[in-house]
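Right, one structure below, let's go through it.
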2 protein chains.
Amino acid sequence: MNITILKNRLVEKGLRVTPQRVAILEAVERLHNHPTAEKIFEYIRKKFPNVAEGTVYKVLDTLVSNQLIRKVNTEKDIMRYDAILENHHHLYCRESDRIEDYFDEELNKVIEKHFKNKMIPGFKVEEIRLQLIGKFNTR
Amino acid sequence: MNITILKNRLVEKGLRVTPQRVAILEAVERLHNHPTAEKIFEYIRKKFPNVAEGTVYKVLDTLVSNQLIRKVNTEKDIMRYDAILENHHHLYCRESDRIEDYFDEELNKVIEKHFKNKMIPGFKVEEIRLQLIGKFNTR
DNA sequence: GTATGTGCAAACTTTTTGCACTTCG
DNA sequence: CGAAGTGCAAAAAGTTTGCACATAC
């Protein structure tokens with residue numbers, strides 16, 4: 001992933017381009033396993049040993065509210081982040097913390113079709129996410 | 001919900017029946033809005049003013065690992081619990097912390113059918129949960 | 001130059017832990 | 001009675017906050 005592209009994403013959102021923001025955005029992309037704030041912190045510390053933990057949290061918040069990254073829903077009280085913005089789903093391992101992205105355009109269509117005919121009273125659906133819980137083959 | 005039924009559920013799992021466990025199990029059922037540990041604590045404190053916060057966490061853990069209740073996946077670092085065990089989905093409000101249960105047998109069938117034809121390489125799906133994110137009509 | 005962002009440390013919130021005491025079966 | 005559960009208080013883990021200093025634009 002090109003650094004210039006990352007910088008442009010910040011600019012497009014009207015955000016100031018700081019080395020910390022670029023580094024954190026890059027880290028979330030690179031650490032493609034839905035990293036925690038801690039993992040991101042460790043990762044960017046290698047390049048910028050003086051970045052503060054608090055800054056990581058603040059920047060992650062900023063990136064989330066500007067829709068440059070997303071939070072991943074988990075059963076844990078530790079937040080995890082995802083750099084992929086397009087509509088996709090997640091595979092959750094029952095036996096570990098592993099979470100993988102899952103893309104299935106056909107599935108999206110099937111679900112979309114279902115909800116085209118079936119409205120939910122009192123609720124307007126804006127986004128649909130699937131959580132597929134199971135086991136990865138360890139081979 | 002009958003207390004005797006709740007007690008039996010504990011017995012069936014080989015768990016000792018304590019007043020705290022029964023009260024917490026009942027609280028999760030009664031507080032049907034996917035309560036936090038804190039809400040459960042407050043609720044049962046009315047009846048048992050000497051129950052400890054730590055006990056609530058321990059009991060919730062026990063109930064979850066014995067599949068008497070479930071954790072609800074959220075984007076927050078506060079855990080929430082669900083007493084409904086049958087296969088269902090959740091409606092998440094974008095603007096608040098409101099989470100509602102959503103039952104749709106037809107949808108389950110559509111999804112089941114989709115995955116009957118389409119295997120995910122390297123992953124065995126055991127359970128599918130949908131998160132429907134959007135807005136509740138405030139009327 | 002000025003508004004905005006960062007580093008640091010302290011505080012806060014949620015959850016976990018250890019251990020003496022109590023209770024269930 | 002003995003194994004398992006609870007209460008309490010302290011600690012850990014994760015996150016937020018306030019403020020002086022630094023930096024982007």
Side-chain angles (χ1 to χ4, degrees), chain A residues 3-4 6-25 27-28 34-45 47-66 68-69 71-81 97, chain B residues 3-4 6-25 27-28 34-45 47-66 68-69 71-81 97:
Chain A
I3 295 294
T4 315
L6 297 181
K7 287 184 181 174
N8 279 339
R9 289 196 196 156
L10 292 167
V11 173
E12 281 162 21
K13 297 288 181 178
L15 295 172
R16 286 194 177 178
V17 178
T18 67
Q20 293 88 338
R21 285 179 176 171
V22 177
I24 290 168
L25 194 46
V28 183
H34 310 92
T36 60
E38 191 62 34
K39 293 279 180 212
I40 294 160
F41 178 61
E42 284 167 20
Y43 181 83
I44 64 169
R45 270 258 163 171
K47 282 187 193 167
F48 304 94
N50 54 328
V51 176
E53 181 105 54
T55 301
V56 174
Y57 282 99
K58 281 176 196 163
V59 170
L60 286 170
D61 258 13
T62 306
L63 298 180
V64 169
S65 36
N66 285 278
L68 290 168
I69 62 172
K71 287 183 176 182
V72 179
N73 288 28
T74 68
E75 278 192 355
K76 293 281 169 62
D77 58 343
I78 308 170
M79 206 53 55
R80 293 176 66 167
Y81 298 88
D97 289 335
Chain B
I3 295 296
T4 315
L6 297 181
K7 287 184 181 175
N8 280 339
R9 288 196 196 155
L10 292 168
V11 174
E12 281 163 21
K13 297 288 182 179
L15 295 172
R16 285 193 179 179
V17 178
T18 67
Q20 294 86 340
R21 284 180 177 170
V22 177
I24 290 168
L25 194 46
V28 182
H34 309 93
T36 60
E38 190 63 33
K39 293 280 181 210
I40 295 160
F41 179 60
E42 283 168 19
Y43 181 83
I44 64 169
R45 271 258 163 172
K47 282 187 195 167
F48 304 94
N50 54 327
V51 176
E53 181 104 55
T55 300
V56 174
Y57 282 100
K58 281 176 195 163
V59 170
L60 287 171
D61 256 15
T62 306
L63 298 180
V64 168
S65 36
N66 285 279
L68 290 168
I69 61 171
K71 288 184 175 181
V72 179
N73 287 28
T74 68
E75 279 191 357
K76 294 281 170 61
D77 58 341
I78 307 171
M79 205 53 55
R80 294 176 66 167
Y81 298 88
D97 290 336

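Here is how names work: the chains are called A, B, and so on, in the same order as the sequence lines, proteins then strands, and each is numbered from 1.
Qualifying side-chain contact (heavy atoms from CB on, under 4.5 Å) partners for A:Thr36, counting only residues two or more places apart in sequence or in other chains: A:Glu38, A:Lys39, A:Ile78, A:Arg80. By the side-chain contact (heavy atoms from CB on, under 4.5 Å) test, B:Ser65 is found to be paired with no residue, residues two or more places apart in sequence or in another chain being considered. Taking the side-chain contact (heavy atoms from CB on, under 4.5 Å) definition, one finds that B:Lys47 meets it with B:Glu26, sequence neighbours left out. Judged as a side-chain contact (heavy atoms from CB on, under 4.5 Å), and not counting sequence neighbours, B:Asp61 has no contacts.
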Step-by-step side chain to side chain contact (heavy atoms under 4.5 Å, CB included) determination, A:Tyr57 to A:Val59: CA-CA 6 Å; A:Tyr57 282 99; A:Val59 170; over 6 Å; no
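Note that the CG atom of B:Leu68 and the CD atom of B:Glu12 stand 8.5 Å from one another [nearest 0.5 Å]. The distance from the NE2 atom of B:His34 to the CD1 atom of B:Ile69 is 11.5 Å, given to the nearest 0.5 Å.
Remark: P of C:dA3 and CG of A:Leu15 are 18 Å apart, rounded to the nearest angstrom. The separation between A:Phe48 atom CZ and C:dC8 atom P is 14 Å, rounded to whole Å. Regarding A:Leu10, its CG atom lies at a distance of 14 Å from the C1' atom of C:dT4, rounded to whole Å. Rounded to an integer number of Å, the gap from CG of A:Asp61 to C1' of D:dG14 is 13 Å. Atom pair B:Phe41:CZ and D:dT6:P shows a separation of 14 Å (rounding to whole Å applied). Counting to the nearest Å, the C1' atom of D:dT6 and the CG atom of B:Asn50 are 10 Å from each other. Taking atom NZ on A:Lys7 and atom P on D:dA24, their separation rounds to 10 Å, with Å as the unit. The nearest whole Å value for the distance from the CD atom in A:Glu53 to the P atom in D:dG18 is 19 Å.
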Look for any protein N or O under 3.5 Å of an N or O in nucleotides 10-14 of chain C and output each such pair with its distance, or none.
none

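Counting non-hydrogen atoms of neighbouring residues, nucleotides and ligands closer than 6.0 angstrom, the NZ atom of B:Lys7 reaches no more than 12 such neighbours. Residue A:Lys13 places its NZ atom among more than 12 non-hydrogen atoms of other residues, nucleotides or ligands, all under 6.0 Å distant.
With hydrogens and angles left out, the side chain of B:Lys58 and the base of C:dG18 share a donor-acceptor pair within 3.5 Å.
Sorted by residue number, the members of residues 16-24 of chain A with any non-hydrogen atom under 4.0 Å from DNA chain C read A:Arg16, A:Thr18, A:Gln20, A:Arg21.
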